[in-house]
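Here is the structure we will look at.
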Amino acid sequence: MLSNIGSILILSVLSLSLLIIYNSYLDLKNNNQLIKKSIYSLSLFQITFTILSFFTLIVGFIYSDFSIINVYENSHSEKPLFYKIAGSWGNHEGSLLLWINILVLFSYLFLIFNHKHNKKFRLYTLIFQNFLILGFIIFLLINSNPFSSIYPVPLDGLGLNPILQDPALAIHPPLLYIGFVGCSIYFSAAIASMLSEYSGKQFALAIKSWVQISWVFQTLGITVGSIWAYYELGWGGFWFWDPVENASLLPWFAISALMHSVMVLEKRNTLYEWVIILCLLTFILSVTGTFLVRSGILNSVHTFANDPSRGLYILLFLSLMVFTSLIIFFKKRKKEIYSFKSSSKETFILANNWFMVFFLATVLIGTIYPIFLDVITGAKVSVGPPFYNTVIIPLVIPFLLLMTFGPQSSWIKSKKKTLYKTFYILLGAFIINSTLFYFFGSFGFYSNLILITATFLILHSVIDAKKSIKNRKTFEYPRIISHLGFGMLVFFIGINHHHSIETDFNLKVGETKILYGYELFFENITIEPNKNYKSIIGDFKITDLKKNYTQYLNPEIRVYTNPETLTYEAAIKSKISSDLYLTMSNVTRSDFYNIKFQNKPFMIWIWISAFTIALGGFVQLILKKNEK
Amino acid sequence: MKNKFSKIIIFGFVISFLSIFWLGLKKDNSYNTKDLIGGKITNFQLRSIYNSDLITEENLKKNQFTLINFFASWCAPCRLEHKYLVKLVNQKKNIKILGINFKDKKNNAKTFLNELGDPYYFVAEDTDGKASILFGIYGIPESILIDKELTVIKKIIGPIDQEKLEEIFRLIK
Amino acid sequence: MILRKIIILYFLLFTCLQSKEVKIDLIEIYKNLRCLVCQGQSVADSNSDFASTIKLVVEDQVKEGKTKEEIYDFLISKYGEWIVYQPSLNKNNFLLWFLPYLILVFGGLIIFFIIRKSKHNKAN
């Protein structure tokens, strides 16, 4: 029954999309300044039915309705309630329904929050957004319907992959999707802008908040994903340059670039063409990312169950999107005259975009190069962390410098005086680096420069903060907070990367290992049964020989029965200064256990820094709201 | 003119990108062994599980064809493929099978062979698995077919079944 | 005044050039090797049988005094290039390393010309 309700709701949303497109098209010709009331009503119905359909799926999971194939494949009656609910979006079909929900939500919100803007522009945005919605609904219906039913009804489900049964992973998809599905709205708005010729400063104002919202959520989504990877995956890392991670990072670079360029468009009414390109590019990258992740074309830890037929549909949809945008872009573009002074804020923002495009290009090339090489020559290569680190890290140094100098410059033309004061702060950064040098030991050449420039950014942001608070320049708070967060992120990642102690060895129960100033005693193994798994818990006594401080760590091996899998739970003790990290896995057919013991400095600060970056954007949104 | 040119380039780029994605979808992601064929196997020295006899690649040159088969007593698919190995040596006299006992206990291996038959003219031990890396092995069961000159003719990943057995027959005619 | 600043800068820059002694780090090698039977994990991260065997082999070779490059070359000769996460600079991967920098330079040139044209426009 639920599956029927769900399917009917989806078909209703489909019909509503068609109606919205048709009515908007008619209303375009209408010379009335206001949008017809019926379009508002249709949109309201659309969002209501969409949310209801998702709610229906969740109810299916909560009540373990195994007549729905999706619930059967991804849930189990013994699963804890929270994970039953999260299971609804933790699979391909359910997450697709979530996509559609966000597409529709943003379509509706954009409509009702943009009264001040040009009618034709708003109608075109609605039309194109609904084309996107149509595309995804058709994909859902013909290929990935979460409401397909199965008969006879199975007695129980196949269960959710235990690695996904984690609170961080439960909120990671919704956060991330608001980010990179949210950018669909300014994709549609960009096309609308070209067709209705509603450009310049007004266009910037129309999309600014939406760019910021998607940016904040994208940042949060990526951060939470990394936190989950660190706590759950058991290798002590938080970023692996895995294709799925890269797929979420690509739109982030584009949105960051866009966020800055929109400022230029708003304040100086220039760079319109480039802003349009970025708007189009961002959602195109999102869909490309989805293609790479769900089609099975790439090899990754994260993959949903792969299915080339999905890939084919998404590729078709992507091609349509790209060709439509290109054709409209070439037809409607007008030549722009640029007038930038070399030391103006606009130029610094251009430089930001330049670097963002470089980072984006590097990650994109690294991710899809193996595909290209395989198709053209048949050779198989792997592109992993060494590539990305080698190419990107050196360029972070000038990027940090630009981030520090940029905001000091003024629109149109800068004063030379401000640059001298900055020099002293740079000197301060050098001194701090040398001090760190004595406490932590030497770093490599690049690492030194990175820490110096990161410290420079941090120092300067703090000094700017003091000045802004004194002068009550609240509009500067968001920028200061986000830039400070970025400096902190690079700084702490730099130290963490360099001073992590990582060890890997085999040990039997009762044995001791001494290394890097720690003594590890493998005391015992205990076995504990649990609700849907069996735990094999290791008792380890860790003694810090320098500080004469003992603590216990208990890594686990979990044996699940539905589905039959093993997971390895790390034992992590987080402190302000560092994390102690221990995982244990059994070596097959032996009494040995493979132990990975790590000391990771400043891990918590890495998360704090990432959240700080997002916080800046959040503060910006609140300030804008208060303005009204 | 310049505009037309840049438009063509951009469209060209986009079309080639999308085509490559499309072609990439059709490709098979699993490991292929075609670039290993034609190479020579490595130099090695392994000890027998029965006594202190040694075997090296030189010994294999005496055989017209050798099938190097990695197996273990604890490996279920190895049990399934074993009868095909026995068939192979019974039906063809120009091929010998070198068994390499991977990460196993000698007694368990001997029991395995007593139970299911012994097609091997030599059974080498690889208790820690390191020898498997020398041969580029992914897991077990895995087999490498080589000729007199120690050139790799075929690499078989997974258990040998009737179909793969017939292919070996064809290759060693 | 300026001279003093430059001298201080120089002195401090010197501290940057001190680098850590590079020993062969096993974990670093493990991280650079792909676990071939896993879905996108490195040998360092994987708990699979294959990964533990590779670790043994790498440990042995490090004890024998082989360099990182020799170990990578050895494994590449057995399993192909894709066992190593850092693509080597050969005719296959040349584009991979080259393209990002090409784009960087290209982007820089565009900005340069925009600013130059702006100056030209201002002058008119």
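Since we're looking at a predicted model, the values are computed, not measured. Lettering follows sequence order; numbering is per chain, from 1. Computed over heavy atoms, backbone and side chain alike; hydrogens, waters and symmetry mates excluded.
Remark: A/Lys335 does not engage A/Glu273 in a salt bridge, criterion side-chain N to carboxylate O under 4.0 Å.
Between the side chains of C/Asp45 and C/Tyr30, no donor-acceptor pair is found at a separation under 3.5 Å. A/Trp274 and A/Asn353 share a donor-acceptor pair across their side chains, judged by distance under 3.5 Å alone.
Aromatic pair A/Phe399/A/Phe358: centroids not less than 6.0 angstrom apart.
For a residue to count as touching a neighbouring chain, one of its non-hydrogen atoms must lie under 4.5 Å from one of that chain's; by this rule C/Tyr101 touches chain A with backbone and side chain alike. Only the side chain of C/Asp49 comes within less than 4.5 Å of a heavy atom of chain A; its backbone N, CA, C and O stay farther away. In this structure, no portion of C/Ile110 lies under 4.5 Å from any heavy atom of chain A. Heavy-atom distances place the side chain of C/Ile111, and not its backbone, under 4.5 Å from chain A. Only the backbone of C/Ser46 comes within contact range of chain A, with heavy atoms under 4.5 Å apart.
When A/Val381, A/Ile376, A/Asn506 are compared by the number of non-hydrogen pairs under 4.5 Å with chain C, A/Val381 comes out ahead. The candidate with the highest count of non-hydrogen atom pairs below 4.5 Å against chain A, out of C/Lys31, C/Lys55, C/Glu81, is C/Lys55.
Between the side chain of C/Asn90 and the main chain of C/Asn93, a donor-acceptor pair closer than 3.5 Å is present.
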